[in-house]
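Everything below concerns the one structure shown next.
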Amino acid sequence: MMARTDDIRKRQSARRRLRRETPSTVAVLADERDFAAMRRYPSFGFDDHPAYLRHVEGLLRALAARGTPTSVALFDPGEFADYCDRAGLDPDSPASRTRYIAEVAAAGGTVAYEGQPVARLLPRLVDEACRQATWEYATRLLARSGCPACGDDPGREPFARALRALRAILEALGGGTHHLVCSVPTESGAPLVAVLGAHCDDTGGLRLDEPSALLFCTVLAASATTEHPGGIVVRSHRPGRQDTVRGWSLRRGRTRPLDEAQVFAAYCTDPVTGEPVPPEPGVAYEAGIALDPGEDDGKET
């Protein structure tokens, strides 16, 4: 009897160890509109969004207390309904929601839970979901831009050109902390927007976030696939000096410096809505710098 009890305890202990090493993903309905969309399913079981978020936070804390590595994703009711339709699943089912969450986790766009309150987690989660959607759309544009019969990667040359253009811009700007925004219009109406922060020291050293740089270059490369002109705007900060804003137009993947008036207009326009944005006090608007012809020749093709 004692041997059997010890054997049961060992199996239970082994299962607990495995649970601690098995990651978990929690998908959350971030806003009231998405929450309302899910309430049409009787099996959903929640009727108050703030209370729902409190339950989500309690679940995250419980998983963390057990030592379970946990990531958080956005739950998109529209995408969930499309997923169920494609897979032949009943959307009014917890099992279908579980399968959808597993698909979302596999696709990326999740944020690691590190004990932060849900109120602080949700903005990061929305940003990450936007980054993931931007990445997927930009890569689809690049994939469709080449010749399928040629056998070459259609995005290779546009991406290499984008990388050269980014390097040329940062070298031209020189030392300082730079905030870059690349905006590329699309046929769907909403532009592709990528943001990159970079710090260049006076010796030529460069620090930047590699995933953000990859997304920035991908969006910049995607500008080669569209006839609609895009742009790059950079705000630079140097200690003891006034912040400066410069800009470049984008057409067919090529950069061309903007003059001061064009930079002002570009920086004071919301890239998503197209609405004017009030100019910031204490900011100088300067013409974009002509780039090294060896990096980007500025010719429109």
Side-chain angles (χ1 to χ4, degrees), residues 11-12 14-140 143 186 188-190 192-193 211 215 218 272:
R11 289 199 299 270
Q12 291 174 339
R15 283 195 291 268
R16 284 194 294 269
R17 288 197 301 272
L18 284 173
R19 280 199 297 268
R20 286 196 297 268
E21 296 176 9
T22 302
S24 179
T25 300
V26 176
V28 59
L29 296 155
D31 58 40
E32 292 276 4
R33 183 181 61 181
D34 287 347
F35 182 81
M38 290 302 294
R39 288 189 62 193
R40 63 183 172 177
Y41 302 121
S43 65
F44 179 59
F46 294 93
D47 56 13
D48 180 78
H49 189 236
Y52 161 80
L53 291 178
R54 288 194 294 272
H55 284 296
V56 169
E57 186 162 324
L59 172 61
L60 291 171
R61 289 178 176 174
L63 290 169
R66 293 209 305 256
T68 302
T70 304
S71 60
V72 187
L74 280 184
F75 194 107
D76 186 310
E79 289 185 359
F80 169 65
D82 290 343
Y83 169 77
C84 290
D85 185 59
R86 293 193 306 270
L89 300 174
D90 176 11
D92 191 13
S93 164
S96 298
R97 292 194 287 274
T98 299
R99 287 184 58 176
Y100 168 71
I101 293 169
E103 290 286 327
V104 171
T110 61
V111 172
Y113 176 67
E114 298 172 338
Q116 64 270 58
V118 165
R120 282 175 44 203
L121 183 64
L122 290 182
R124 282 190 58 202
L125 196 55
V126 171
D127 286 347
E128 185 58 35
C130 289
R131 285 165 56 96
Q132 183 71 16
T134 299
W135 166 263
E136 291 174 356
Y137 194 100
T139 52
R140 285 200 300 271
T186 66
S188 66
L192 292 174
V193 179
L215 179 61
T218 303
V272 176

Sorted by chain and number, sequence neighbours left out, salt bridge (charged side-chain N to carboxylate O under 4.0 Å, His left out) with Arg131 holds for Glu128
With Arg40, which residues qualify under salt bridge (charged side-chain N to carboxylate O under 4.0 Å, His left out), at least two apart?
-> none
Not counting sequence neighbours, which residues clear ring pair (Phe, Tyr, Trp, His ring centres under 6.0 Å) with Tyr113? List them please.
-> none
Listed partners of [X] passing side-chain contact (heavy atoms from CB on, under 4.5 Å), at least two apart:
X     : result
Pro91 : Tyr41, Phe80, Cys84
Leu59 : Val26, Leu63
Ala27 : Phe75, Ile101
Arg33 : Asp31

Who passes side-chain hydrogen bond (donor to acceptor under 3.5 Å, both in side chains) against Thr110, sequence neighbours left out?
-> none
Only counting residues at least two apart or in another chain, list the ones meeting side-chain hydrogen bond (donor to acceptor under 3.5 Å, both in side chains) with Glu136.
-> Gln132
Between [X] and [Y], which heavy-atom pair has the shortest distance, and what is it?
X      : Y     : result
Val104 : Leu74 : CG1-O, 4.1 Å
Val72  : Leu60 : CG2-CD2, 3.8 Å
Pro77  : Asp34 : CG-O, 3.4 Å
Thr25  : Ser71 : OG1-OG, 3.2 Å

If you look only at pairs with a residue in residues 86-96, which of them pass as a side chain to side chain donor-acceptor pair (under 3.5 Å), with sequence neighbours excluded?
-> Ser43-Asp92
Sub-4.5 Å side-chain heavy-atom contact between Thr134 and Val193 = no
Can you run down the salt bridge (Lys or Arg N to Asp or Glu O under 4.0 Å) pairs that involve residues 46-64, sequence neighbours left out, and say none if there aren't any?
-> Glu57-Arg61
If the plane angle is over 60° it's perpendicular, under 30° parallel, otherwise tilted; pick one for Phe35 and Phe44.
-> perpendicular
Kindly assign one of parallel, tilted or perpendicular to the pair Tyr100 and Tyr83, based on the angle between their ring planes and the thresholds 30° and 60°.
-> tilted
